[in-house]
Amino acid sequence: MKTVSVSDFRRNAAGILALVEKGEKICILRHRKVIAMIVPPESARPKPAWKRPGLRLVIPGVSLSRAVLEERQGYGLD
């Protein structure tokens with residue numbers, strides 16, 4: 001974790017925020033006391049497994065919806 005004084009932060013805000021963007025945590029000091037902490041957003045962390053898209057199963061042959069439609073046509077239900 002990097003520490004920066006308030007005056008250094010004012011002068012180099014763009015560079016310091018670039019470090020945060022890369023994943024570094026920054027403490028801002030005023031009179032040698034921590035007054036703020038800048039951390040990367042939570043969205044930079046990987047998504048939990050239950051939020052990631054799942055596997056898509058593909059089976060060769062006729063799709064279920066097409067098979068149902070063909071079956072209905074056979075009975076004259078369309």
Side-chain angles (χ1 to χ4, degrees):
M1 185 178 325
K2 186 173 181 171
T3 58
V4 176
S5 69
V6 172
S7 56
D8 285 341
F9 179 73
R10 285 182 187 157
R11 279 183 292 219
N12 305 316
I16 292 169
L17 292 176
L19 290 173
V20 172
E21 192 173 29
K22 292 178 183 175
E24 181 142 1
K25 296 179 182 178
I26 307 289
C27 285
I28 300 178
L29 305 175
R30 179 182 287 153
H31 305 294
R32 294 185 221 134
K33 292 183 181 179
V34 177
I35 62 165
M37 192 169 178
I38 304 175
V39 296
E42 289 184 25
S43 62
R45 296 182 183 146
K47 289 184 180 179
W50 59 273
K51 284 191 171 183
R52 283 184 247 146
L55 295 176
R56 184 179 167 121
L57 299 177
V58 178
I59 300 172
V62 180
S63 70
L64 178 61
S65 59
R66 184 172 299 265
V68 168
L69 290 173
E70 289 174 1
E71 187 72 20
R72 285 183 182 171
Q73 287 174 353
Y75 290 111
L77 298 174
D78 51 355

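Since this is a predicted model, take the numbers as computed values, not measurements.
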message = Does Glu21 have more than 12 heavy atoms from other residues, nucleotides or ligands lying within 6.0 Å of its CD?
response = no
Summary of salt bridge (Lys or Arg N to Asp or Glu O under 4.0 Å) pairs that have at least one residue in residues 6-15, sequence neighbours excluded = Asp8-Arg11
key: Hydrophobic cluster (4.5 angstrom, side-chain heavy atoms) - remaining members for Trp50   = none
[X], [Y]: one ILVMFWY side-chain cluster at the under-4.5 Å cut-off?
| X | Y | value |
| --- | --- | --- |
| Ile16 | Val34 | no |
| Val4 | Leu29 | no |
| Val39 | Leu17 | no |
| Met1 | Val20 | no |

request  = Please list, chain by chain and in numerical order, all residues satisfying side chain to side chain donor-acceptor pair (under 3.5 Å) with Arg30, sequence neighbours excluded.
outcome  = none
Partners of [X] by side-chain contact (heavy atoms from CB on, under 4.5 Å), sequence neighbours excluded?
| X | answer |
| --- | --- |
| Arg52 | Lys47, Ala49 |
| Ser63 | Ser65, Arg66 |
| Lys22 | none |

query = Tell me, do Pro40 and Lys25 make a side-chain contact under 4.5 Å, heavy atoms counted?
reply = yes
request  = For Phe9 and Ile38, run side-chain contact (heavy atoms from CB on, under 4.5 Å): C-alpha distance rounded to whole Å, both residues' side-chain angles, the deciding distance at 0.1 Å, then the answer.
outcome  = CA-CA 11 Å; Phe9 179 73; Ile38 304 175; 3.7 Å; yes
